[in-house]
Amino acid sequence: QVHLVESGGGLVQPGGSLRLSCAASGFTLDYYAIAWFRQAPGKEREGVSCISASNGIRYYADSVKGRFTISKDNAKSTVYLQMNSLSAEDTAVYYCAASRLDWYMCPSASGHIIQDDFGSGGQGTEVTVSS
């Protein structure tokens, strides 16, 4: 059974950094893509980053491109989201989710993450950017 646990959120000042972790169990990251989503109060859930099973393809939404970096450690079954130059607009609950299909390819740079291609994800970790 797919189980994902997010951690690493917290309160950070504008311009600061955080690294989120997504610990996976019940499946292997060797075969499934992982996406990070976020949902701010009163807003729809947004797909911000994705890493394919092959580890060769990464996707970033325009809103985070150049500031966020996704990576993974298959041996530790963990996916990371390094977030730099944070601003108040990044305040949200962040979720990770696994692709429903194996060997799922993350979208190209001009595309976007299709939420229905991913499972429901974990409980989320809250990120608050405030001075």
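Each residue takes its place number in the sequence, starting with 1.
- Q123 and V93 get closest at one heavy-atom pair: O-CG1, 4.5 Å.
- A distance-only check finds a donor-acceptor pair linking the side chain of R100 to the backbone of D116 [under 3.5 Å].
- In terms of heavy-atom proximity, F118 sits nearest to C50 at CZ-SG, 3.9 Å.
- D117 and S99 form no side-chain donor-acceptor contact under 3.5 Å, judged by distance and modelled atom types alone.
- The two residues L81 and S49 come nearest to each other via the heavy atoms CD1-CB, 4.0 Å.
- Between C96 atom SG and I70 atom CD1 the span is 9.0 Å, to the nearest 0.5 Å.
- Clustering ILVMFWY residues whenever any of their side-chain heavy atoms sit less than 4.5 angstrom apart, transitively, puts Y104 in a cluster other than the one holding V48.
- A distance of 13.5 Å separates OH of Y95 from SG of C22, quoted to the nearest 0.5 Å.
- No side-chain heavy atom of S77 sits less than 4.5 Å from a side-chain heavy atom of T28.
- We find the CG-CG distance between D102 and D30 to be 11.5 Å, quoted to the nearest 0.5 Å.
- Put simply, the side chain of V64 reaches to within 4.5 Å of the side chain of R38, judged on heavy atoms.
- Interatomic distance, T78 OG1 to L29 CG, rounded to the nearest 0.5 Å: 7.5 Å.
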Q. Can you check side chain to side chain contact (heavy atoms under 4.5 Å, CB included) on F68 and L86, steps first, answer last?
A. CA-CA 9 Å; F68 290 13; L86 288 163; 3.8 Å; yes
Q: Please test S63 against E46 for side chain to side chain donor-acceptor pair (under 3.5 Å), starting from the C-alpha separation and ending with a verdict.
A: CA-CA 10 Å; S63 57; E46 173 191 15; 2.8 Å; yes
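- Taking the six-membered ring for Trp and thresholds of 30 and 60 degrees, Y32 and F27 have ring planes more than 60 degrees apart, a perpendicular arrangement.
- The local environment of NZ in K65 is crowded, with over 12 non-hydrogen atoms from other residues, nucleotides or ligands closer than 6.0 Å.
- Residues H3 and S25 meet the side-chain proximity criterion, which asks for heavy atoms closer than 4.5 Å.
- Remark: H112 NE2 to I114 CD1 distance equals 5.0 Å, nearest 0.5 Å.
- Nearest heavy-atom pair across Q39 and K43 is NE2-O, 3.1 Å.
- Judged by distance alone, with hydrogens and angles left aside, the side-chain atoms of S52 form a donor-acceptor pair with the main-chain N or O of C106 at under 3.5 Å.
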Q: Could you check M83 against V12 for side chain to side chain contact (heavy atoms under 4.5 Å, CB included), going step by step and ending with a plain yes or no?
A: CA-CA 11 Å; M83 309 187 298; V12 63; over 6 Å; no
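- Minimum heavy-atom separation, L4 to G121: CD1-CA, 4.1 Å.
- Here the shortest heavy-atom pairing between L20 and G9 reads CD2-N, 3.6 Å.
- The backbone N or O of P14 sits nowhere less than 3.5 Å from a side-chain atom of S87 that would complete a donor-acceptor pair.
- Cluster membership check: M105 does not share its hydrophobic cluster with I113, using side-chain heavy-atom separations under 4.5 Å among Ile, Leu, Val, Met, Phe, Trp and Tyr.
- Put simply, OG1 on T69 and CZ on R58 are 8.5 Å apart, with the number rounded to the nearest 0.5 Å.
- I51 and Y80 are assigned to two separate hydrophobic clusters, defined by single-linkage of ILVMFWY side chains at heavy-atom distances under 4.5 Å.
- In this structure, the side chain of Y59 engages the main chain of G111 through a donor-acceptor pair within 3.5 Å.
- S130 is linked by a side-chain contact (heavy atoms from CB on, under 4.5 Å) to L11, T128, counting only residues two or more places apart in sequence or in another chain.
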